[in-house]
Each structure stands twice: as structure tokens, then as C-alpha cells.
Amino acid sequence: MNPEPTPDVLVVGGGIGGLSTAYALSRHGLRVRVLEQAPKYGEVGAGLQIAPNCTRILAEYGLLDEAKSLGVVPENMVMRDALDSRELTRLDLGDLERRYGFPYMVIHRSDLHGIFLRACERAGVELLNDQVVVGYENVEGGARVLLEDGRVESAPLVVAADGLHSVARRQLIGDDVVSSSYVAYRAAVPIQQVKDNGIAERDVTVYIGPHCHFVQYALRGGDMFNQVAVFESPKALAGREDWGTPDELDAAFEDTCDTVRKGIPLMWRDRWWRMFDRDPIETWVHGRIALLGDAAHPPLQYMAQGAIMAIEDGWVLAGHYARLAAAAPAGAEPDWDGALAAYEAVRVEHCRRVQTTARAWGELWHLDGSARLRRNAVMRARDTYDYSFTDWVYSPTALTPDEEPAMFTPIPLSSAAVQEPVG
């Protein structure tokens with residue numbers, strides 16, 4: 001028997017995207033029900049980077065102070081060459097906060113998820129577990145979802161926030177995930193374990209190298225240290241099924257600098273994350289079924305915008321609902337079709353830019369030979385306080401296409417003059 005009353009919105013998926021969207025909509029008085037297939041709400045993984053375009057939304061929601069108390073606000077983001085450890089470029093994150101008005105911070109994924117879970121509980125969002133959705137249908141006045149146990153749930157709006165392997169995406173679009181042949185290993189360890197490894201405790205450090213990169217930053221008030229090791233898998237390139245294994249991890253980083261090599265033995269070796277995305281699509285809204293988050297636009301991780309884009313999606317959708325509701329006559333039905341059209345009109349292009357830039361950024365990070373040297377020269381020439389490469393993504397989230405900031409202009413590597421190594 002379905003709980004009563006019938007919700008205004010059904011959200012399928014209880015990850016960060018689903019919960020943040022449920023909370024955003026509930027703030028405007030909507031009854032929201034979240035269907036999560038797992039036995040309990042939670043997140044796996046380690047650290048997340050949260051740029052000013054996201055901390056701005058957390059501040060609006062009244063959640064930023066809680067996030068700061070659980071995370072870390074680093075001083076710099078520093079990019080180094082993974083082979084020789086030389087600095088390539090940096091962002092002064094204190095100045096970045098002055099520019100955009102909100103901080104750049106890092107937080108454990110489960111802590112950010114917990115912030116939204118508690119916010120939803122306080123707001124009265126209905127949170128259900130063990131809800132395995134196997135199908136979606138549009139019906140008169142709304143949409144419904146079909147569950148594995150034969151039940152049906154319906155609402156005027158269904159938001160499919162069901163992740164990279166989305167059932168809704170498979171049913172409505174029918175495309176497949178795209179493998180990058182890269183794999184990520186993660187670890188979050190007590191900071192005492194790494195203090196002698198040459199780490200920068202107060203910075204986000206990214207070491208970029210041929211066909212690999214390594215990310216480090218502190219978490220949980222500086223008590224923990226997060227590391228991410230990413231590399232191209234030879235087994236994946238050869239078409240093998242058993243790709244990304246620990247032997248490949250060790251081989252990928254054997255020629256890197258001391259700090260990176262010292263970090264590799266600490267990586268979790270019982271699990272790894274193969275890196276997939278999908279090609280951008282133009283249509284996220286199908287009747288009263290809306291794709292959101294990774295179901296709509298799963299990116300590769302290089303821009304550190306995946307969770308952020310999902311949070312932005314919910315903020316934009318809720319914003320357009322509220323705008324149209326405020327303009328409607330008293331007692332009128334919500335203009336979900338108008339809100340969904342406005343949501344799709346602005347988010348599709350922004351997220352396409354992030355997805356395609358993430359792919360290009362991954363290629364740039366992993367260059368070898370003379371291309372690596374040219375990349376390094378271009379990066380070293382950048383002024384620390386040049387924000388032409390970040391304004392398009394860290395500026396306030398656009399509600400309409402005309403608010404979307406202009407895209408950055410890439411610098412061709414061919415413009416760099418470098419001295420080729422001898423011998």
C-alpha cells in the first residue's frame with residue numbers, strides 16, 4: 001500500500017543529486033518522496049571538491065556552515081608535473097573566494113550526502129528504501145514508475161536521478177556508457193600516515209603525468225588525507241575484461257616523483273572505479289519525466305563538477321518552479337511543463353560544456369613527450385590571478401541561457417616554445 005498523500009514529486013535515486021533536488025523542491029512547499037534502491041541511505045567513495053558555484057547554493061540553503069565544519073577550506077590548488085614534481089600553475093583559493101564570493105572547499109562524499117539527508121529529514125521529505133525502479137511511464141497529468149515488486153508510484157513530476165547506469169536513461173534514450181580506459185583508485189587515511197611523504201596539508205595538489213595523475217588533499221578538518229590515483233589501463237586498451245587491477249596501478253606510477261610514489265602503497269586495493277561518461281544529449285525531459293545529475297550528464301572527473309552539476313540541476317529546477325508558482329493565480333496547478341522547459345533550456349548547454357571540457361582536460365593532463373613539455377610551458381605562463389579559465393564554471397549558476405557566462409578560449413599548445421630534451 002502506498003503511503004499517503006500522493007506526493008507532488010517523485011525522485012528516483014537517493015544520492016547527492018536526488019537528495020539535494022528533493023530538498024530544493026521541498027523548500028518551496030512541495031511534498032517530495034525519494035525512492036532509493038539500497039537498504040539504507042549512504043555514499044561510497046572518498047573526497048569531493050566543491051567549487052564556489054556549489055558553495056553559493058549551499059549558503060542559500062543554509063547548509064554551508066555545516067559543510068565547513070565537516071570539510072576543509074584549502075589555501076591553494078596547485079598543479080605539478082608528476083614526473084619531476086615542478087609546479088605548473090596554481091589558484092590562490094583565498095583570492096578565488098574573494099572573486100566569486102564563496103569558498104572552494106573539499107569534503108568527504110559521505111559527509112556532503114549526510115548534510116542533504118539531514119536537511120531532507122528536517123524538511124519532511126519522505127525517504128523510502130529498498131525501492132527498485134524498473135520502468136517509467138508518462139500518464140495523464142504526470143508520470144509513474146514501475147517497481148520490481150509490481151507496485152506503481154505516481155506523481156505530477158518524476159525526477160530520474162538514478163545515476164550513471166540510469167534505468168530511465170536506458171529506457172528513454174537507449175545509449176550506452178563510454179569507457180575512457182582510465183581507472184581511479186582512492187584512499188582516505190589518517191593524516192599521520194602521510195606526514196612524512198612530502199605532502200602539502202593545506203593545498204589541493206594535482207600531479208599530472210603521462211597517462212596518469214594523482215590528487216591529494218586533507219579532509220575532515222585536516223584529520224584525514226584523501227588521495228586519488230588515476231591511470232590509463234593497458235588491459236582496457238587491449239579489450240580485456242579484467243582491467244584496472246592493482247598490478248597496473250603500481251606499473252603506471254613507477255616513474256613518478258617521490259611524493260606520488262610514496263602515496264601509491266596506501267591506495268585501497270580491494271576496489272577501484274572504472275571511469276565512464278556518456279556523450280552529451282539534447283533532451284533531458286520526456287513528458288513529466290526529467291533526467292537529472294549523472295542520469296542526464298555523467299562527466300569524467302577532471303573538472304570536479306559531477307556532484308556540483310547535480311546540485312545545480314535541482315537548484316535550477318526548483319527556482320523555475322518557484323518563479324512560475326509566484327506568477328500563477330491562486331489555486332492554480334503547478335506549471336511543471338514550463339518549469340521543465342526552462343530547466344532543460346539552460347542546463348543542457350552548460351553541462352555539455354563541462355562534459356566536453358572534462359574530456360579535453362583529461363587528454364591535456366595525460367600528455368607525454370614533446371606535447372607534455374608544451375603543455376607545461378603554457379601552464380607555467382599562466383598568471384595565478386588569471387580567472388579567464390574559471391569564470392565560465394565558477395560564476396553564479398545560470399537560471400536562463402542569457403545568464404550563462406562566456407566560454408573560455410583555449411590556448412593552443414603549438415604556441416609554446418620549448419627546448420626539446422637532448423638524447
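- Salt bridge annotation for Asp337-Arg288: present, with a cationic side-chain nitrogen under 4.0 angstrom from a carboxylate oxygen.
- A salt bridge is absent between Asp368 and Arg375: the closest approach of a Lys/Arg side-chain nitrogen to an acidic carboxylate oxygen does not fall below 4.0 angstrom.
- For the pair Val393/Phe408, no side-chain contact is recorded, criterion being any heavy-atom separation below 4.5 Å from C-beta on.
- Taken to the nearest 0.5 Å, the CZ atom of Arg347 stands 13.5 Å off from the CZ atom of Arg352.
- Between Phe116 and Tyr61, the angle of the ring planes goes over 60°, which puts this pair in the perpendicular group of the 30/60° scheme.
- A donor-acceptor contact shorter than 3.5 Å links the side chain of Asp162 to the backbone of Ala168.
- In this pair, Tyr185 and Trp272 present their aromatic rings parallel. The plane angle is below 30°, not in the 30 to 60° band.
- In summary, Asp8 and Arg33 do not engage in a salt bridge, as defined by a charged side-chain N under 4.0 Å from a carboxylate O.
- Two residues are said to be in side-chain contact when any heavy atoms from C-beta on lie closer than 4.5 Å; Val125 and Ser26 meet this criterion.
- Geometric assessment of Arg271 against the ring of Trp268 yields a positive cation-pi assignment under the 6.0 Å and 45° thresholds.
- Checking Thr89 against Arg382 by side-chain atom types alone, a donor-acceptor pair falls below 3.5 Å.
- In this structure, Lys235 does not pair ionically with Glu241, as no charged nitrogen and carboxylate oxygen lie closer than 4.0 Å.
- Taking a cutoff of 4.0 Å between a charged side-chain nitrogen and a carboxylate oxygen, Arg170 and Asp175 do not qualify as a salt bridge.
- Using the six-membered ring where Trp is involved, Trp336 and Tyr321 have ring planes that are parallel, under 30° apart on the 30 and 60° scheme.
- The shortest non-hydrogen separation linking Pro52 to Leu96 is CG-CD2, 3.9 Å.
- Salt-bridge formation is detected for the pair Asp95/Arg98: a Lys NZ or Arg NE/NH1/NH2 atom is positioned less than 4.0 Å from an Asp or Glu carboxylate oxygen.
- Within a 6.0 Å sphere centred on CD of Glu60, heavy atoms belonging to other residues, nucleotides or ligands number more than 12.
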| said: Assess the residue pair Glu312 and Ile57 against the criterion (side-chain contact (heavy atoms from CB on, under 4.5 Å)); give the C-alpha distance rounded to whole Å, side-chain angles, the decisive distance to 0.1 Å, and a yes or no. | reply: CA-CA 8 Å; Glu312 288 181 310; Ile57 294 173; 3.9 Å; yes
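- For the side chain to side chain donor-acceptor pair (under 3.5 Å) test, residues two or more places apart in sequence or in another chain that qualify with Asp386 are Ser388.
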| query | Passes side-chain contact (heavy atoms from CB on, under 4.5 Å), Arg99 versus Tyr394? Steps please. | reply | CA-CA 10 Å; Arg99 181 173 183 84; Tyr394 294 166; over 6 Å; no
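- Ionic pairing of Arg151 and Glu153 is present here: one or more N-O contacts between side-chain nitrogen and carboxylate oxygen are shorter than 4.0 angstrom.
- Across all non-hydrogen atoms, the minimal contact from Gly135 to Val167 is N-CG1, 4.3 Å.
- Arg372 and Pro210 make their closest contact through CD-CG, 4.3 Å (heavy atoms, listed as atom of the first residue, atom of the second, distance).
- One distance of note links CG of Leu48 with CD of Glu43; it measures 8.0 Å at 0.5 Å rounding.
- Looking at Glu349 and Arg353, a side-chain N of the basic residue comes within less than 4.0 Å of a carboxylate O on the acidic one, giving a salt bridge.
- With rounding to the nearest 0.5 angstrom, the CD1 atom of Ile107 is 12.0 Å from the CG atom of Asn226.
- For the pair Asn197 and Gly263, the tightest heavy-atom approach, listed with the atom from each and the gap, is ND2-N, 4.4 Å.
- For CZ of Arg202, the number of neighbouring non-hydrogen atoms (other residues, nucleotides, ligands) closer than 6.0 Å is 12 at most.
- Ring geometry, His366 versus Tyr182: the interplanar angle falls under 30°, so the pair is classed parallel (tilted spans 30 to 60°).
- Contact detail for Cys212 and Ala252: the closest heavy-atom pair is SG-O, 3.9 Å.
- Heavy atoms only, all atoms of each residue included: Glu201 and Ala218 are closest at O-CB, 3.6 Å.
- Between Arg261 and Asp250 there is no salt bridge, since none of the side-chain N atoms of the basic residue sits less than 4.0 Å from a carboxylate O of the acidic one.
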